[in-house]
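Structure first, commentary second.
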Number of protein chains: 2
Amino acid sequence: MPTQDHMKQALQTYIDAFNAGDAQAVVALYADDAVIEDPVGNPPITGRAAIEEFYTNAIAGGAKLALDAPIRGSHGDRAAMAFTVDVPGMRIRAIDVMTFGPGGEIVRMEAHWGPDDIET
Amino acid sequence: MPTQDHMKQALQTYIDAFNAGDAQAVVALYADDAVIEDPVGNPPITGRAAIEEFYTNAIAGGAKLALDAPIRGSHGDRAAMAFTVDVPGMRIRAIDVMTFGPGGEIVRMEAHWGPDDIET
């Protein structure tokens with residue numbers, strides 16, 4: 001199981017790489033067959049090609065991420081973070097939960113935000 | 001599926017009832033056969049009697065909860081919140097994810113906090 005330090009650093013890298021516009025560095029955090037459910041309740045996307053498209057589009061849309069509070073770990077294979085997404089003309093408040101595989105890659109990401117968590 | 005308003009109000013009631021020392025009101029948010037994994041990675045507890053004991057002990061220990069950021073919903077049956085637990089001599093930073101049943105009760109609670117999320 002990955003260490004707490006590893007998981008928290010991966011989430012911080014996620015934020016930093018996203019804000020640097022480096023979709024490749026974000027995608028590199030994921031396992032090849034990872035699943036993203038963003039938002040929770042919508043159909044998930046699976047696999048590296050779909051995940052790369054997802055982040056390339058999000059970054060191209062001008063989104064920037066800011067942590068609302070320190071990243072949390074767990075006593076298992078998960079870490080979580082509350083953050084705000086600022087897109088031109090829109091703000092989304094989200095909580096992402098990442099599950100890690102034994103090799104330290106993210107195998108599942110679940111993003112909790114609803115219609116009421118968007119401000120325009 | 002419960003509404004966003006219902007789920008967010010349930011999480012706010014959770015915080016308020018906990019801080020008021022009202023374990024019964026917290027437990028009443030749960031389904032009879034609900035599962036609590038707190039923290040994620042430890043064995044879960046199941047059912048009303050175990051859940052009541054869990055909250056009675058937590059409240060008796062003097063814990064108080066404060067939201068770090070607004071409660072998040074989802075596009076499904078989940079809501080999440082980042083908060084800080086202040087216990088005498090200890091502070092824990094947690095992110096809880098609650099899954100709701102069709103009747104509006106919480107059927108699963110998963111608390112994300114690790115050994116590094118405790119300050120003494």
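In what follows, chains carry the letters A, B, and so on, assigned in the order in which the sequence lines appear, proteins first and then strands, with residues in each chain numbered from 1. Owing to the predicted nature of the structure, the values given are computational and were not obtained by experimental measurement.
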(message) Does any backbone or side-chain atom of A69(A) lie under 4.5 Å from a heavy atom of chain B? Answer side chain, backbone, both or neither.
(response) side chain
(message) Checking an interface table here. Which of residues 88-109 of chain B come within a heavy-atom distance under 4.5 Å of chain A?
(response) R93(B), A94(B), I95(B), V97(B)
(message) I'd like to know if I45(A) and F18(A) are part of one continuous hydrophobic network [Ile/Leu/Val/Met/Phe/Trp/Tyr, side-chain heavy atoms within less than 4.5 Å].
(response) yes
(message) Hydrophobic cluster membership, with links at side-chain heavy-atom distances under 4.5 Å among I/L/V/M/F/W/Y: are I15(A) and V26(A) in one?
(response) yes
(request) Sort M81(A) into side chain, backbone, both or neither according to what part of it lies under 4.5 angstrom from a heavy atom of chain B. (result) backbone
(request) Say whether L11(A) and M1(A) are linked into one hydrophobic cluster, either directly or through other cluster members, by side-chain heavy-atom distances under 4.5 angstrom. (result) no
(request) Would you kindly confirm whether L65(B) and V40(B) end up in one hydrophobic cluster when ILVMFWY residues are joined by side chain heavy atoms under 4.5 Å apart? (result) no
(request) With chain A as the partner chain, list the residues of residues 112-120 of chain B whose heavy atoms fall under 4.5 Å from it, by residue number, and write 'none' if nothing qualifies. (result) H112(B), W113(B), G114(B), P115(B), D116(B), D117(B)
(request) Could you have a look at G76(A), A80(A), S74(A) and say which one has the most heavy-atom pairs with chain B under 4.5 angstrom? (result) S74(A)
(request) Could you state whether L67(B) and F83(A) fall into the same hydrophobic cluster, counting links through intermediate Ile, Leu, Val, Met, Phe, Trp or Tyr residues with side-chain heavy atoms under 4.5 angstrom apart? (result) no
